[in-house]
Amino acid sequence: MRRAISSTLPGRAGLGVANRHPLRYPLRLGAGFHTKGADASEAIGAVAKTTKVPAGTLAEEEAPLRLRREGVTVEELKERRRKAGRLVAGTAAYSDTDMFKGPSAGKPKAKRWDHHLAPESAVRVPCVLKQAAKHLKKPGIISLGGGLPCAEYFPIDSISFRVPSAPNFTEAATHSDGIDLHIGKYTSTGPNPTSEYDLATSLNYGQANGSAQMNRFVAEHTELVSNPPYADWRSCLTVGSTAALEQSLRMLCDKSRHDAILTEEHSFSTAVETAMPLGIPVFGVPMDAQGLLPDALDSMLINWDPSQRKGARKPHVLYTVPSGQNPTGATQGERRRRDIYAVACKHDLFILEDEPYYFLQMPTYPSPKSSTEGTSQSTEKFLSSLIPTLLSLDTQGRVLRMDSFSKVVVPGSRLGWVTASEQIIERYIRHAEVCNQGPSGISQVVLHKLLDETWGHDGYLKWLMHLQGEYTKRRDVMMLACEKFLPGEVVSWTPPRAGMFHWLKVDHTLHPSHPTRSILDLEEEIFNRCIDGGVLIARGSWFRAEHDKPPSGLYFRATFAAATEENMTEAIRRLGVAIGETYGI
């Protein structure tokens with residue numbers, strides 16, 4: 001009998017509703033931010049209402065979808081923009097999340113994190129040339145200060161591309177009925193502007209935190225999804241989450257202090273490889289089907305002994321992928337996230353929340369037909385169905401959340417953003433100013449044209465709903481193939497509830513040569529048989545947080561992200577043959 005272990009994840013619980021204060025939009029900043037009329041300071045929208053469930057109860061874990069999420073709605077954002085007027089932001093215009101986010105009256109301020117900052121980060125000073133761009137807001141000023149090339153010498157006059165028309169997102173529909181978009185060189189800075197962002201602006205140097213145009217979009221998106229429950233949160237564009245992680249580790253950790261980080265016992269291999277050359281050891285926390293175990297995390301920190309941990313002092317940073325964790329596919333439920341946050345508060349842990357797969361959450365397997373129909377539900381119901389982010393639970397500013405367009409739009413854009421307290425984001429920007437100077441202008445203007453000017457927040461959410469349905473169907477194909485072709489007497493798994501990875505456990509204790517053969521030896525034999533049989537699968541040992549420790553079990557990671565249904569099924573069949581031959585089944 002093949003073993004498929006199912007798990008139940010909770011719905012979204014309501015959080016406290018924040019009071020609202022008058023909307024704050026800048027009148028003119030950078031090369032010019034314009035609003036229209038005094039009504040831009042009026043509060044917009046009614047206070048959201050939520051259904052509360054007592055914490056720690058079974059009802060909380062199995063709570064139905066809420067009628068309304070806490071926070072803003074897409075319609076409220078549209079009204080806010082209508083009152084603010086057209087966004088005018090030219091070359092290297094200064095911008096800040098606080099210019100675009102909604103009211104925060106009644107919310108507490110974040111704690112200070114000076115004691116967490118590494119010496120490298122603490123001594124960084126603002127880039128004087130970037131700071132000088134703030135003076136461009138003065139009307140009529142002639143700039144001889146910055147070395148910004150003249151747009152006349154940019155050899156790209158326009159960019160044109162075709163995109164889907166929401167909610168018809170298939171390739172066939174795009175080919176036949178897609179929208180043809182055009183980005184000109186002077187469509188926002190010329191005498192008769194027709195857009196808010198053009199090539200003359202985007203192809204030039206910009207601020208390290210990204211363009212005002214994309215900063216506005218991600219600030220609003222963050223409000224829709226997380227609406228952080230403290231006042232002084234900020235966002236900053238990044239060159240993808242891997243770069244964001246490297247900067248964050250350097251900002252918070254220092255080998256001379258004997259710093260270390262904690263993460264899941266099986267973790268994203270690139271994250272471990274990012275920490276290694278910084279001299280920051282990584283320690284793994286035990287997991288179950290819902291990911292990182294809060295009690296194990298608490299016990300590790302209570303009993304931390306540097307003499308048993310390579311001399312590392314008690315860690316103060318936790319790196320975690322809560323949804324569709326790479327490699328295990330585990331997804332932390334709401335109760336689990338609250339418990340992890342409570343342990344972080346108890347031990348003063350700073351949390352790096354890496355969420356590239358957050359919107360690829362799925363129903364339990366097998367999926368009801370309605371769950372794979374993509375955009376049939378409302379965007380409000382879609383948002384309400386998502387497990388709360390750690391950022392949405394963070395009342396102290398101890399979470400830095402990393403978001404990315406890589407897994408849900410295009411990975412080649414190398415564009416994402418981080419959200420954290422004002423203090424942390426300010427330090428992050430200081431690093432970016434002398435590191436990468438911000439993400440690609442071409443990526444920003446193309447994604448702005450698609451996500452902001454064409455789809456808007458409602459269309460983007462419908463796109464995410466479409467992806468959710470598509471990945472659910474792919475997950476289901478792989479689960480059926482595993483049930484059909486893997487030898488259930490030795491292989492077990494938990495159907496993933498998010499992401500694009502499937503984690504398979506092969507019981508090494510049932511191999512005929514156990515215990516004389518090591519786990520790594522068995523893993524290598526199965527892997528080599530897979531390659532010989534025409535299938536590539538990732539070895540579980542590649543994802544150990546602590547590579548100097550023997551593996552706790554025999555695992556393999558498969559992905560259902562790209563292969564066709566036929567190829568995916570055939571690949572699992574070949575994997576089953578390789579395991580069967582190794583075990584003599």
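When a residue number appears, it is its place in the shown sequence, counting from 1. These numbers were taken from a predicted model, which means no experiment stands behind them.
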Regarding [X] and [Y], is there a side-chain donor-to-acceptor distance under 3.5 Å anywhere?
X      : Y      : answer
Ser406 : Arg414 : yes
Gln444 : Ser202 : no
Asn227 : Lys107 : yes
Gln247 : Asn436 : yes
Thr379 : Asp458 : yes
Trp417 : Ser404 : no
Ser226 : Thr389 : yes
Asp198 : Thr201 : yes
Gln332 : Thr320 : yes
Ser195 : Thr187 : yes
Glu196 : Ser188 : no
Glu353 : Tyr341 : no
His266 : Thr328 : no
Glu264 : Ser267 : no

Provide the closest heavy-atom pair for [X] versus [Y] in the form atom of the first, atom of the second, distance.
X      : Y      : answer
Asn215 : Cys236 : OD1-CA, 4.3 Å
Ile159 : Leu199 : CD1-CD2, 3.9 Å
Phe100 : Ala219 : CB-CB, 4.3 Å
Tyr358 : Leu386 : OH-CB, 3.4 Å
Ala289 : Ala330 : O-CB, 3.5 Å
Met214 : Ser211 : N-OG, 3.2 Å

Are [X] and [Y] close enough for a salt bridge, meaning some N to O gap below 4.0 Å?
X      : Y      : answer
Glu223 : Arg80  : yes
Asp403 : Arg401 : yes
Arg81  : Glu453 : no

>> Could you go through Ser385 and Gln361, starting from their C-alpha distance and side-chain angles, then the distance that decides it, and tell me whether this counts as side chain to side chain contact (heavy atoms under 4.5 Å, CB included)?
In response: CA-CA 9 Å; Ser385 73; Gln361 296 181 36; over 6 Å; no

Polar side-chain atom of [X] near backbone of [Y] as donor-acceptor pair, under 3.5 Å:
X      : Y      : result
Asp452 : Gly456 : no
Glu483 : Leu480 : no
Gln213 : Ala89  : yes
Asn204 : Thr91  : no
Arg497 : Gly324 : no

Measure the spacing between [atom1] of [X] and [atom2] of [Y] and express it to the nearest 0.5 Å.
X      : Y      : atom1 : atom2 : value
Leu390 : Asp354 : CG    : CG    : 11.5 Å
Leu77  : Phe217 : CG    : CZ    : 10.0 Å
Thr263 : Leu352 : OG1   : CG    : 9.5 Å
Asn209 : Ile429 : CG    : CD1   : 4.5 Å
Gln468 : Arg475 : CD    : CZ    : 10.0 Å
Ser165 : Ile179 : OG    : CD1   : 4.0 Å

Are any non-hydrogen side-chain atoms of [X] and [Y] less than 4.5 angstrom apart?
X      : Y      : result
Met99  : Tyr94  : yes
Asn168 : Asp177 : no
Pro167 : Trp463 : no
Thr454 : Leu181 : yes
Val218 : Phe405 : yes
Ser95  : Gln207 : no
Tyr230 : Ser421 : yes
Leu245 : Phe268 : no

> Is it the case that more than 12 heavy atoms not belonging to Tyr205 sit under 6.0 Å from its OH atom?
Replying inline: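 No, the 6.0 Å shell around OH holds no more than 12 heavy atoms from other groups.
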
> Got more than 12 heavy atoms from elsewhere within 6.0 Å of CD1, Ile442?
Replying inline: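 Atom CD1 in Ile442 is not crowded, with 12 or fewer foreign heavy atoms closer than 6.0 Å.
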
Ring centres of [X] and [Y] under 6.0 Å apart?
X      : Y      : result
Phe501 : Tyr357 : yes
His448 : Tyr197 : yes
Trp493 : Trp503 : no
Phe359 : His221 : yes

>> Using the side-chain contact (heavy atoms from CB on, under 4.5 Å) definition, which of the options Thr472, Thr331, Asp476 pairs with Met362?
In response: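 Exactly one candidate clears the test, Thr472.
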
>> Consider side-chain contact (heavy atoms from CB on, under 4.5 Å). Of Leu292, Ile387, Asp288, which one does Arg336 pass it with?
In response: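 Only one of Leu292, Ile387, Asp288 forms a side-chain contact (heavy atoms from CB on, under 4.5 Å) with Arg336, namely Asp288.
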
>> One pair to check against side-chain hydrogen bond (donor to acceptor under 3.5 Å, both in side chains): Thr419 and Ser235. What are the steps and the verdict?
In response: CA-CA 4 Å; Thr419 305; Ser235 293; 2.9 Å; yes

>> Applying salt bridge (charged side-chain N to carboxylate O under 4.0 Å, His left out) to Glu355 and Arg337, what does each step give before you reach the verdict?
In response: CA-CA 13 Å; Glu355 278 285 35; Arg337 297 183 195 213; 3.3 Å; yes

> Do Lys101 and Trp233 meet the cation-pi criteria used here (NZ or CZ under 6.0 Å from the six-membered ring centre, within 45° of the axis)?
Replying inline: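 Lys101 over Trp233 ring: yes.
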
>> Could you tell me if Arg234 sits above the aromatic ring of Tyr428, with its cationic atom closer than 6.0 Å to the ring centre and no more than 45 degrees from the axis?
In response: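 Geometry flag: not set, cation outside 6.0 Å or 45°.
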
>> If you apply the rule salt bridge (charged side-chain N to carboxylate O under 4.0 Å, His left out), what do you find for Arg474 with Glu470, and how did you get there?
In response: CA-CA 6 Å; Arg474 286 180 162 274; Glu470 291 298 303; 5.9 Å; no

> What do the steps show when you test Asp157 against Lys185 for salt bridge (charged side-chain N to carboxylate O under 4.0 Å, His left out), and what is the final call?
Replying inline: CA-CA 5 Å; Asp157 183 72; Lys185 183 178 280 190; 5.0 Å; no

